[in-house]
**Q** 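Dumping the structure here so I can ask a few things about it.
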Amino acid sequence: MLDARFVRENIDLVKKSLGDRNSTLPLEEFLGFEEQRRILLKEAEELRNKRNVVSEEIGKLKTRKQDASKLIEEMKGVSDKIRELDEKIRILEENTNEFLLNVPNIPDKTVPVGKDETENVEVRRWGEPRQFDFEPLNHWDIVEILDIVEFERAAKIAGARFSLTKGYGAKLERSLMNFMLDLNTSKGYKEVFPPILVNRESMKGTGQLPKFEMELFRIADPEFYLIPTAEVPVTNIHRNEILNEKDLPIYYTAYTPCFRREAGSYGKDVRGLIRQHQFNKVELVKFVKPEDSFQELEALTNNAEDILQKLELPYRVVALCTGDMGFSAAKTYDLEVWLPGQQRYREISSCSNFTDFQARRANIRFKREGKKGTEFVHTLNGSGLAIGRTLVAVLENYQQKDGSVVVPDVLRPLMGIEAIK
RNA sequence: GGAGAGGUGGCCGAGCCGGUCGAAGGCAGCCGCCUGCUAAGCGGUUGUGGGGGUAAAACCUCACCCAGGGUUCGAAUCCCUGCCUCUCCGCCA
């Protein structure tokens, strides 16, 4: 969320940002509410001041056993008046808050302006797509040959868009998870294993709510939400906290299952493991000082890339344009891995700098050494990596003519075999 | 699930038969003084957010004693609801 004062003082910037993101909001109405709110707030505060002063006077009279009934009579009703004003202010605040919660983050100056994913900009490529001397298979065919993933039985147990890995499929998934966590922790990320059911406040803190309710699974009674990404619980670790400057930056990495409704994606990726209601992911999360955040985004993206490099999977890095970027992000790089079965690059990681957008919502601040007051931290996160899609990439890139799949070097100690046959 | 106890400032901990309490006292921290150095000692100081104010400060003001309501001229203190923590019993991966 943006700061109310920031919006009213930078109205043109906000207008441009909304335009670049293909969205509109009633800015003038917001300004009106804000103005009105501040007027009433002042009025209410003056009344409170009067109440404080006179009540203190009454207190003094009473302790001296003097008559205060006149003052008390005079003050009757003042609290009711304050209550009335408070109610009006509360409604105005609700309006402005409602508005602010729906304003997306301002894109960084370096973000390419564009209307949709076709205007994203490729930043770099790594690795050469392998040349096959046979027609490479889709992963859904590979897993069937190797008998390492069940779709029909998963559908029986749960429903469409669920899967069940088994044998070396399950072990590959576990190996990838360990490989990623170990690599990330070796770079200074602290491993955490958070709750995967969270409350509304946490979902608001990272920006999933109120706008994206339809993408979340919810438990009704008692109310909990299933996390769509570890970003939610991990960023909320420090909700409502004031951190010390010397503790920053803080780096976390977490493995969690992730749950997404995938509403509105009925036709997309119906086969295979690409788009599931439940999938595994290792996430990277950073809390940093404002002046460092864009450089930290580059580093975080590099850390995610390193996983692909060690797995020797070809990929490219794409800078998302204003029209394609997520609601809370100021800047985002997607990593897209090469899938021979589909002959195209597919998203496997998304790394974003949220600047102070999430921190303001989640109220995560820090205090500079020797300075008064507090500032909001900047938060960042990125997948490092989506495990299901990494599994797909390994299977498709390492497949052999005979249907077997060679295990990437770095995974062999974990898998205990050289190939899945 | 049953029975109790409790949530106060960076920490510990008073206050809780309503008034001068942003909150005693201690510890930690910071600034001075003192001391050959260290320790002890002495004096002062130390929260967050909002509104106004300023070139920036100073300053003025409002709110905050888990959260949200209520009673009252006035609430950390009384009442209600919720959340969380702890102890005992039961149940359980």
**Q** Regarding A/Ser69, tell me which of base, sugar-phosphate or nothing describes its non-hydrogen contacts under 4.0 Å with the strands shown.
**A** nothing
**Q** For nucleotides B/G44 and B/C64, find the distance between their C1' atoms and express it as a whole number of Å.
**A**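 To the nearest whole Å, 27 Å.
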**Q** When you compare the side chains of A/Asp20 and A/Thr322, does any donor N or O come within less than 3.5 Å of an acceptor on the partner?
**A**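 Their side chains do not contain a donor-acceptor pair, so the 3.5 Å distance test is not met.
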**Q** Report the base-pairing partner of B/A57 (Watson-Crick or G-U wobble, both distances below 3.5 angstrom), or none.
**A**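 Per the H-bond distance test, none.
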**Q** Run A/Glu150 and A/Ser163 through side chain to side chain contact (heavy atoms under 4.5 Å, CB included) and show every step you take.
**A** CA-CA 6 Å; A/Glu150 302 244 14; A/Ser163 60; over 6 Å; no
**Q** Is the closest side-chain heavy-atom distance between A/Asp247 and A/Phe287 below 4.5 Å?
**A**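 When only atoms from C-beta onward are counted, A/Phe287 and A/Asp247 do not touch, as no gap falls below 4.5 Å.
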**Q** Is there a side chain to side chain contact (heavy atoms under 4.5 Å, CB included) between A/Leu18 and A/Thr24 once you walk through the steps?
**A** CA-CA 6 Å; A/Leu18 286 171; A/Thr24 53; over 6 Å; no
**Q** Only pairs with both distances under 3.5 Å count, Watson-Crick or wobble alike; so what is the partner of B/C92 in this structure?
**A** none
**Q** For A/Met325 and A/Pro107, work out which heavy atoms get closest and say how close.
**A** CE-CB, 3.8 Å
**Q** A/Lys246 NZ to B/G10 C1': how many Å, rounded?
**A**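 Going from NZ in A/Lys246 over to C1' in B/G10 covers 11 Å.
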**Q** Kindly determine whether A/Asn49 and A/Glu46 satisfy side chain to side chain donor-acceptor pair (under 3.5 Å), including the steps that lead there.
**A** CA-CA 5 Å; A/Asn49 180 237; A/Glu46 276 161 9; over 6 Å; no
**Q** Going 5' to 3' through nucleotides 61-74 of chain B, assign each nucleotide B (protein heavy atom under 4.0 Å from a base atom), S (under 4.0 Å only from sugar-phosphate atoms) or - (no protein heavy atom that close).
**A** SSS------SS-BS
**Q** In the structure I gave you, are the side-chain heavy atoms of A/Met180 and A/Ile387 within less than 4.5 Å of one another anywhere?
**A**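 Yes - at least one pair of side-chain heavy atoms lies under 4.5 Å apart.
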**Q** Which one is paired to B/U46, where only Watson-Crick or G-U wobble pairs with both distances under 3.5 angstrom count?
**A**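 B/U46 is paired with B/A28.
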**Q** Quantified in whole Å, what is the C1' atom distance between nucleotide B/G53 and nucleotide B/C59?
**A**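 About 8 Å, rounded to a whole number of Å.
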**Q** If we call it a pair only when both distances are under 3.5 Å in a Watson-Crick or G-U wobble match, what pairs with B/C84?
**A**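 By the stated definition (distances under 3.5 Å), B/G6 pairs with B/C84.
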**Q** If pairing requires Watson-Crick or G-U wobble contacts with both distances under 3.5 Å, which nucleotide is the partner of B/C65?
**A** none
**Q** Under the criterion side chain to side chain contact (heavy atoms under 4.5 Å, CB included), I'd like the reasoning laid out for A/Arg365 against A/Asp356: C-alpha separation, chi angles, the key distance, then a yes or no.
**A** CA-CA 9 Å; A/Arg365 293 169 290 166; A/Asp356 60 359; over 6 Å; no
**Q** Considering every strand shown, what is the Watson-Crick or G-U wobble mate of B/G19 when both distances are under 3.5 Å?
**A**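 Paired with B/C73.
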**Q** On a heavy-atom basis, which atom in A/Arg275 and which in A/Glu262 lie closest, and how many Å separate them?
**A** NH1-OE1, 3.3 Å
**Q** Taking CZ from A/Phe6 and P from B/G50, how many angstroms apart are they, rounded to a whole number?
**A**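 Result: 16 Å.
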**Q** Going by heavy atoms closer than 4.0 Å, what residues in residues 34-42 of chain A are next to RNA chain B?
**A** A/Arg38, A/Leu41
**Q** I need the CG-P distance between A/Leu92 and B/G51, as an integer number of Å.
**A** 15 Å
**Q** Hey, what do you get for CD (A/Gln208) to CD (A/Glu231), rounding to the nearest 0.5 Å?
**A**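 Between atom CD of A/Gln208 and atom CD of A/Glu231 there are 5.5 Å.
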**Q** Is the number of heavy atoms from other residues, nucleotides or ligands within 6.0 Å of NZ (A/Lys289) greater than 12?
**A**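 Above 12, so yes.
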**Q** Take A/Thr63 and A/Arg365, find for each the nucleotide of RNA chain B with the closest heavy atom, and name the residue whose nucleotide sits nearer the 5' end.
**A** A/Thr63
**Q** With the threshold set at under 4.0 Å for non-hydrogen atoms, list the residues of residues 192-203 of chain A touching RNA chain B in residue-number order.
**A**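 Within this stretch, nothing sits under 4.0 Å of the strand.
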**Q** Please report whether the ring centroid of A/Phe327 lies less than 6.0 Å from that of A/Phe212.
**A** yes
**Q** Quick one: label A/Arg5 by what it contacts on the DNA or RNA (base, sugar-phosphate, nothing), any heavy atom closer than 4.0 Å.
**A** sugar-phosphate
**Q** Could you go over nucleotides 58-60 of chain B and give all protein N or O partners under 3.5 Å, atom names and distances?
**A**
none

**Q** Give a yes or no on whether the backbone of A/Leu13 and the side-chain of A/Ser17 come within a donor-acceptor separation of less than 3.5 Å.
**A** no
**Q** Going through the distances and angles, do A/Glu336 and A/Tyr315 end up as a side chain to side chain contact (heavy atoms under 4.5 Å, CB included)?
**A** CA-CA 5 Å; A/Glu336 298 182 345; A/Tyr315 66 89; 6.0 Å; no
**Q** With both distances under 3.5 Å as the test, what is the Watson-Crick or G-U wobble partner of B/C33?
**A** B/G41
**Q** Could you give the distance separating B/C11 and B/C89 at their C1' atoms, to the nearest angstrom?
**A** 34 Å
**Q** Tell me: NZ of A/Lys367 to P of B/G10, nearest whole Å?
**A**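 One finds 11 Å between P of B/G10 and NZ of A/Lys367, rounded.
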**Q** Pair up each side-chain donor or acceptor in residues 406-421 of chain A with any protein partner under 3.5 Å, not counting sequence neighbours, and list the distances.
**A**
{"unit_1": "A/Arg412", "atom_1": "NE", "unit_2": "A/Val407", "atom_2": "O", "d": "2.8"}
{"unit_1": "A/Arg412", "atom_1": "NH2", "unit_2": "A/Val407", "atom_2": "O", "d": "3.1"}

**Q** Considering only atom P, compute the distance from B/A5 to B/G9 and round it to an integer number of Å.
**A** 22 Å
**Q** For B/G1 and B/C62, measure between their P atoms and round to the nearest Å.
**A** 45 Å
**Q** B/C60 and B/G7: how far apart are their P atoms, nearest whole angstrom?
**A**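 Comparing P positions in B/C60 and B/G7 gives a spacing of 34 Å.
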**Q** Given the P atoms of B/C91 and B/C79, what is the spacing between them in whole Å?
**A**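 B/C91 and B/C79 have their P atoms separated by 36 Å.
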**Q** Can you measure A/Asn244 atom CG to B/G47 atom C1' for me and round it to whole angstrom units?
**A** 13 Å
**Q** Taking only residues two or more places apart in sequence or in another chain, which ones pass salt bridge (Lys or Arg N to Asp or Glu O under 4.0 Å) with A/Glu94?
**A** A/Arg90
**Q** Measuring only the P atom in each nucleotide, how far is B/C88 from B/C73? A whole number of Å is fine.
**A**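 Result for the P pair: 47 Å, nearest Å.
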